[in-house]
There are 2 protein chains.
Amino acid sequence: MSKLGFTQPLFTVDNVMFAIDQGQLTVLLVKRGIEPYLAAWSLPGGFIDVQVDQDVQACARRKLEQKTGLTPAYLEQLQVFSGAQRDPRGYSVSLAFFALVPYTPVSSQISSATQASWWPLEQLDSLPLAFDHREIIQQAHQRLQQKALYSLLPVFCLPSTFTVGQLKTVIETILGREIQRKSLMRRIEASGMFILTEHKQASGGRQAQLYQLKPGVDITHFSRNMGNA
Amino acid sequence: MSKLGFTQPLFTVDNVMFAIDQGQLTVLLVKRGIEPYLAAWSLPGGFIDVQVDQDVQACARRKLEQKTGLTPAYLEQLQVFSGAQRDPRGYSVSLAFFALVPYTPVSSQISSATQASWWPLEQLDSLPLAFDHREIIQQAHQRLQQKALYSLLPVFCLPSTFTVGQLKTVIETILGREIQRKSLMRRIEASGMFILTEHKQASGGRQAQLYQLKPGVDITHFSRNMGNA
DNA sequence: CTTATATAGTGTCACTTGGACACTATATGC
DNA sequence: GCATATAGTGTCCAAGTGACACTATATAAG
């Protein structure tokens, strides 16, 4: 049995927070202000503060708040990325989180020197990213796409009241292809997750019903995947 | 930005390894030889050795090998359990793994003083367990049941060649209810994951076709759940 | 006011895949 | 041979999604 006093790895937390902006799936990144990877873009995260953070989830929320000023609408563990090589400072273990939020501009509301910004996934190829963050983002993206097939998780990319059309667009952006409005409406009703409100107009056309998440409901997992996948 | 030198949490790895023995879903536990929770049963795991373990996955395998003499047929990350209270030695972050293996007796092959043993899930209620390991086991059990609904992952609880009847029994044990043999056969064929061999007899009856996992195949994820769930 | 058009929502049928269950196939033991 | 036990197939039904036509209601142009 191991005793205390062993060399421990560096434990950190990273957040992959997604939002939809102008029909594009975007991820929140911060520009690093210190070595290593100085001035490279990276996932908002950092070391846990055992005095402050009740658990790793709380740590993830705090890091997001501090580095970007945003609070995730949805947050779950993704997976651990680890190894001796991934961080030049030493053996590193990083727990990546996967988060969703309605799009909110972020450029000016951060007090610290670090710069935060939303980046469309499509533009990441040409962006210098720190550590193995490119791979982490890719894993998170896959998870998001998977969940969009068997749940309505993408609602967390929308404001508290939204229309079916908006949700359809968000899901299509995440999946990268079109889905049937009819199928989506069937799921919205079958899930029982939502309540109705008044009306609202969209760009020229019939007014759309506004939906709202019932407080405290769990996300329904459907027994079949959507989108013939 | 955090600097090095911060107090780091204790990072550990735990394994929830399942097998089927005599029609019962069992989990592999070891009796603790040190404080805290001396003499309580616990998940095989421990501290990472940054000199030896290439990553957390390798650490999990090493711990299983050292403490139980077994090598998992399947191993994946479950999730992190963390907090200031879960370990009296200090703020603790534990990455739990979820593992499957064909049942193998384990009592005598361990060299160390720690004692390892398979425990049926049904008997855990009356067993004193260390830390929050009861909750971790429960989470792993849920994950296993979920995966059994949309994949043939339970094959990793069987020897390298097996019959449809055996797989059916394993899945039924995991789910705690019966499934249709016909449905299972449809999935086995549709997955393309298996190849055939000769024959084999079961207790009085027609000989059953023996199947074998194709080397290097990925586990198929079906687009619908099985077992009307 | 009428009409074109754009978006919201419904009706309906086909297709896919699991559930149910009867039926056939092949082994063992009496 | 016959009973029985397990293996495997044939077939119909049920549930949920895809496709797509059709209806409903808003705005804008003439």
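Lettering follows sequence order; numbering is per chain, from 1.
Every residue two or more places apart in sequence or in another chain was checked for a ring pair (Phe, Tyr, Trp, His ring centres under 6.0 Å) with A/F81, and none qualifies. Considering only residues two or more places apart in sequence or on other chains, A/Y74 meets the ring pair (Phe, Tyr, Trp, His ring centres under 6.0 Å) condition with A/F156. Judged as a ring pair (Phe, Tyr, Trp, His ring centres under 6.0 Å), and not counting sequence neighbours, the contacts of A/Y150 are A/H221. Under the rule for a side-chain hydrogen bond (donor to acceptor under 3.5 Å, both in side chains), A/S82 has no partner lying at least two apart in sequence or in another chain.
For the pair A/E189 CD and D/dT17 P, the interatomic distance rounds to 12 Å; values are reported in whole Å. Atom CG of B/L184 and atom C1' of C/dT17 are 14 Å apart (whole Å). Summarising the geometry, the separation between CZ on A/R177 and C1' on D/dT17 is reported as 12 Å, rounded to the nearest angstrom. One interatomic measurement links the two molecules: CG of A/L149 to P of D/dT17, which rounds to 12 Å at whole-angstrom precision. Distance A/K200 NZ to C/dT7 P: 14 Å, rounded to the nearest Å. Between the P atom of D/dG18 and the NZ atom of A/K168 lies a distance of 12 Å, rounded to the nearest Å. Rounded to whole angstrom, the span from the CE atom of B/M226 across to the P atom of C/dA20 amounts to 11 Å.
Between A/Q180 and D/dA19, a side-chain N or O to OP1/OP2 separation shorter than 4.0 Å is present. Listed pair B/R224 / D/dG16 fails the phosphate criterion, with no side-chain N or O lying under 4.0 Å from OP1 or OP2.
Counting only residues at least two apart or on different chains, the side-chain hydrogen bond (donor to acceptor under 3.5 Å, both in side chains) pairs with a member in residues 161-170 of chain B are B/K168-B/E172.
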Quiz prompt | Protein-to-nucleotide contact annotation, 5' to 3' order, nucleotides 7-13 of chain D [B base; S sugar-phosphate only; - none; under 4.0 Å, heavy atom] | solution = BBSBB--
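Between A/W119 and A/W41, the ring planes are perpendicular. Angles over 60° get that label, and only those under 30° would be called parallel.
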